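Every number for a ligand or one of its atoms is a count from 1 in the order of the listing. Along the sequence shown, residues are numbered consecutively beginning with 1. Being a predicted model, the structure only gives us computed values, none of them experimental.
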Amino acid sequence: MENKRNFLAGLYASMYKIRRFEQEAVKLFHNKELPGWLHSYIGEEAVAVGVCASLNRDDYITSTHRGHGHCIAKGADLKRMMAELYGKETGYCKGKGGSMHIADFSIGILGANGIVGGGIPIATGTALASQYLEDGRVTVCFFGDGASNQGGFHESLNLASLWKLPVVYVCENNLYAETTPQADHQPIRDIADRAKSYNMPGVIIDGNDVLAVYEETNKAVERARAGRGPTLVECKTYRYRGHWEGDPEVYRTKEEVKEWKKRDPLKKFKKYLLENDIIQSKEISFVEKKIEDEIKDAVKYAQASPPPRPESALEDLYVEQGG
Ligand SMILES: Cc1ncc(C[n+]2csc(CCOP(=O)(O)OP(=O)(O)O)c2C)c(N)n1
Ligand SMILES: [Mg+2]
């Protein structure tokens, strides 16, 4: 019982951490403290947290351009993440990658990715490696509705199913690919239907319900780990902010955003925890305060860190030797 309580409290803490990290990043971005681009994950927290709750530390994930939530849910260090957003030397990529390139191989985070759908073949490749090495690891591949139209998606699902690879494809269907509504970029509503073509299970989940996400993806992860092959999991969700910070959002109505905010995954789960007497409100306040402090520390750490040395510009590059 105590274990279950801690587990559920952990899910809330992880979602709260993502929400607050993102809110802080958005604020700093508009203060012009962060260079580059920023794609906020606010509203989609239950997907990353519910999915990563069924993974081991050494399982792999591949992420997207909207990747902060995936990284935090998998256990990334907030200081190094914030320092990367600031473009500082102490960041995950020594300040040379920014928001869309955060990776931490030590805990299986194989990288955010600025290429839409770019993580899908990578995840399929690591799953093939795990099968070959018999290392027992599962790879989870996060991607969006837009990415499910990329050729690499179809090629990957085809081979992963044929070879029964230990991979779970998690589609975050937030109803838009950049500024294009789903109805204008694909002729189906349920992306999980695409699983049929590849003879693998396709599951649809309320992506704003962290427990539903956890329970369903846990089955898919177990299935993958047991050598029974991949699953395509579609989480229906919604991003509260624009596609990128600065997006004028002319392609959707304020009413639509307001409607989805009624299904806020954090509010919904907090209510569940309180109403079922799983956690008292003062314990929640305590957890929230701890996270607030952690985020403040991350910002201070990033601000106090040095920028990359100019002479490091040509370090850490991969160059293929010409023949
Ligand atoms: C290969 C490629 N094509 C186009 C883009 C430009 N682009 C960036 S995000 C995006 C939309 C992605 O939509 P989706 O996969 O649904 O993810 P979401 O942004 O909704 O999380 C596009 C087209 C890109 N980064 N990479
Ligand atoms: Mg999308």
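To the nearest 10 degrees, the angle centred on the Mg ion (ligand 2) between O in Y176 and OD1 in N174 reads 90°.
The nearest heavy-atom contact from the protein to atom 21 (O) of ligand 1 is R66 NE, 2.9 Å. Looking only at heavy atoms of the protein, atom 15 (O) of ligand 1 is closest to A147 N, 3.0 Å. If you check which protein heavy atom lies closest to atom 25 (N) of ligand 1, you get G114 O, 2.8 Å. Scanning the protein heavy atoms around atom 22 (C) of ligand 1, the nearest turns out to be E178 OE2, 3.3 Å. For atom 14 (P) of ligand 1, the closest non-hydrogen atom of the protein is G146 N, 3.5 Å. Looking only at protein heavy atoms, the nearest one to atom 1 (C) of ligand 1 is Q150 NE2, 3.5 Å.
By the 4.0 Å heavy-atom criterion, E172 is excluded from the residues contacting ligand 1.
The Mg ion (ligand 2) lies at 2.8 Å or more from every N, O or S atom belonging to E172.
In terms of polar-atom proximity, H65 is counted as a contact of ligand 1, with an N or O under 3.5 Å from an N or O of the ligand. Between V116 and ligand 1, at least one pair of N/O atoms sits closer than 3.5 Å. At under 3.5 Å, not a single nitrogen or oxygen of A177, backbone or side chain, sits near a nitrogen or oxygen of ligand 1.
Neither the backbone nor the side chain of R239 has a heavy atom within less than 4.0 Å of ligand 1.
No side-chain donor from either of H101 and N113 sits under 3.5 Å from a side-chain acceptor of the other. Side-chain contact, R194 with N149: a donor N or O sits under 3.5 Å from an acceptor N or O. Defined by atom type and a distance below 3.5 Å, a donor-acceptor pair is missing between the side-chain atoms of N174 and T237.
Using the six-membered ring where Trp is involved, Y238 and Y240 have ring planes that are tilted, between 30° and 60° apart. Ring geometry, H243 versus H65: the interplanar angle falls from 30° to 60°, so the pair is classed tilted.
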